[in-house]
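When a residue number appears, it is its place in the shown sequence, counting from 1. Order of listing sets the numbers, starting from 1, for every ligand and every atom in it.
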Amino acid sequence: MSPDTPQSSGATPPEWVARAAELTAQLNHHSYAYYALDQPSVPDAEYDRLFQQLQALELQHPELITPDSPTQRVGATPLPFFRQVTHAVPMLSLGNGFSDEDVLAFGKRVADALAAAAGANTMDGNVVDTASAPVEYAADLKFDGLAINLRYENGLLVQAATRGDGATGEDVTANIRTVRAIPLRLRGDNIPTLLDVRGEVLMYKADFARLNERQRAAGLKEFANPRNAAAGSLRQLDSRITAHRRLRFFSYGIGLLEGAAMPDSHTGLMDWYRQLGLPVCQERALVQGVAGLLDFYRDIGQRRAELPYEIDGVVYKVNRFDQQQQLGFVARAPRYALAHKFPAEEALTTVLDIEVQVGRTGAITPVARLKPVAVGGVIVTNATLHNEDEVRRKDIRIGDSVIVRRAGDVIPEVVAYVPEARTEQVREFQMPVACPVCGSPIVRLEDETIARCSGGWIKCSAQRKGGLQHFVSRRAMDVDGLGEQLIDQLVDKNLIVTAADLYKLGFVALAELERMADKSAQNVLAALEKSKSTTLARFIYALGIRHVGEATAKELARHFGSLDALVDASELQLLEVADVGPVVAQSMIGFFTDPLNRELLEQLRAAGVHWPEHAAAERTPMPLQGNTFVLTGTLPNLSREAAQARIEAAGGKVAGSVSKKTTYVVAGAEAGSKLAKAEELGITILDEQKLIALLENA
Ligand code: I6G
């Protein structure tokens, strides 16, 4: 009988004991490779297959079950409450810094204190030169998660506790055991008899998005951010729920240690943790002096949005433990460490009103007017509420206290209201029945979430302005210097109605606009002239046809080769294009059969807008057609634009985010969350060399 297929119970055959041990070792190794080394060793399906084999063996022979068996992560029964745990060594908090000056002051305090300590140790007691060698610091990320203490006895995880007030926390062992990133048994030979590992439990952004998707589908409340989701998951009395929440863990500190030698530095400790199989974040650096700290802060700040998890700053620690000891503590924070915070990406403020904005396609977007608040270093006064359903789902009302979020370059959004702060005075938002700009009825089709102004661009100046802004935008006709305020003035003064009118503008009309110097007017005219020489793809995209984004426009240009062929295409011909489905095809037919749009095309061509054309029949075969690429990180030789151009020239598409539809992810140096997601989805990853080989062999 094969040990893979247990058939009967009774005395445990020795080969099954061996097989269970082997499966446990294999599964633990795969988890270690995935979470601690960040190098998945098998696809998820293979892990699941081995896991099921072990489960089957253990079911047949429960005596095979060991406390570190991967099958024993999830407990069967919910806890009645969390027990209190007193930390053997208090869990500290860190002093915070918010500016370069704070870091300089920290660096000076450290250098002075170390110099004084060195002086006290010299025979004559004179303070040594503080400016001699710069202090060596370990710089790490400050994760936006929850601090945890993991206790290992003789290598076995026996307890996990939250930080609580630093002295006493809650026993969350059952939940922590479900976190696959946390080893149930330490690896290697140098196993201490007792070790308290300090670190942070967190949720990756992609896992958070998936969790909220599931919550939404199940009609459950969504979590405001990954930190809340991680906290909510860890504070479950039923560990079976935690097990479905994909939490992660990074180690960064130590409490009690017995039965093994203490490393002599923070970086030494992190290296030892990695050998023990504990996950340690690799986005860290050993730097010299304050200049090194600030470089690290700036580098991480630039890449923050790309990281797969949220951080709220970076942490600096004097690297050598003997120096840490010399520096000691002030209040309950170590004098040898500093948390250098990034400007918060979330802030609390009040909704003063909810108004609606009209977009270029007539889409009506509710926008919260906010009491001004600093978020991510910028003062925010408006935040999008996306659509009417979102306002209802999040139950945001006028007068509410709300959490506002602004991450990277994205438009600020209202995340949630604060229930405890809600008063009787709040008012519900009412979707207007008429467009606030042109007065046309607002309509919402049955199967659409978006309500729209029915005025179209002829009646509605908001749609006109939006359409014109899109027409001149960088990825469309790329007219430099023609910004939102200029377009607003030109439309409001009735100087332009359609995009073709832009090319009829003269110097006098432009120079008479507010805040428009003669030189700027000349520049705008020159930019308009330059924009006349364009590509068919840009031109199609610039028209702002609903559902025709940049990628579809490129596909259409490639497929039809000329504007006339596209304008005259039937629905069936349009459907032949890779990117085009019935909705897009209908939208294009609607656009091109409208006589006003036909006239616009003629006027634009008459104004001199032109592009190279080729006959549809001349199209070359497209070897990478149907393949979607995502580019992440910096490639050694090819710029992002060059890589994209070569992929597209071979018929491939380049998308901005990784999904199940992605065929390849091209990863360069410092690739971030996209690479992690690709690995998670099992998508083929190419480096520059492999990409070039693929292009050349295509
Ligand atoms: O949030 C943290 C990130 C990294 C830390 C931390 C750390 O050390 C590298 N260290 C401590 C002591 C605390 N938080 C409280």
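- Here Lys205 does not pair with Glu310 in a salt bridge; the nearest charged N to carboxylate O distance is not below 4.0 Å.
- The aromatic rings of Phe329 and Tyr336 lie perpendicular to each other, with more than 60° between the two planes, well past the 30° mark.
- Among the candidates Ile403, Asp400, Leu370, the single residue satisfying the side-chain contact (heavy atoms from CB on, under 4.5 Å) test with Thr349 is Leu370.
- Legend: salt bridge (Lys or Arg N to Asp or Glu O under 4.0 Å) pairs involving residues 278-288, not counting sequence neighbours, sorted by first then second residue: Asp271-Arg284, Glu283-Arg303.
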Could you tabulate the donor-acceptor pairs under 3.5 Å formed by side-chain atoms of residues 80-98, not counting sequence neighbours?
{"from": "Arg83", "atom 1": "NH2", "to": "Asp171", "atom 2": "OD2", "distance (Å)": "2.8"}
{"from": "His87", "atom 1": "NE2", "to": "Thr162", "atom 2": "O", "distance (Å)": "3.1"}
{"from": "His87", "atom 1": "NE2", "to": "Arg163", "atom 2": "O", "distance (Å)": "3.2"}

Using a 3.5 Å cut-off and no angle test, enumerate the donor-acceptor pairs between side-chain atoms of residues 253-266 and protein atoms at least two apart in sequence or in another chain.
{"from": "Ser265", "atom 1": "OG", "to": "Thr267", "atom 2": "OG1", "distance (Å)": "3.3"}
{"from": "Ser265", "atom 1": "OG", "to": "Gly268", "atom 2": "N", "distance (Å)": "2.9"}
{"from": "His266", "atom 1": "NE2", "to": "Asp140", "atom 2": "OD1", "distance (Å)": "3.2"}

What are the polar N/O contacts of ligand 1 with the protein below 3.5 Å, with distances?
{"from": "ligand 1", "atom 1": "8 (O)", "to": "Lys317", "atom 2": "NZ", "distance (Å)": "2.6"}
{"from": "ligand 1", "atom 1": "10 (N)", "to": "Lys317", "atom 2": "NZ", "distance (Å)": "2.9"}
{"from": "ligand 1", "atom 1": "14 (N)", "to": "Tyr252", "atom 2": "OH", "distance (Å)": "3.4"}

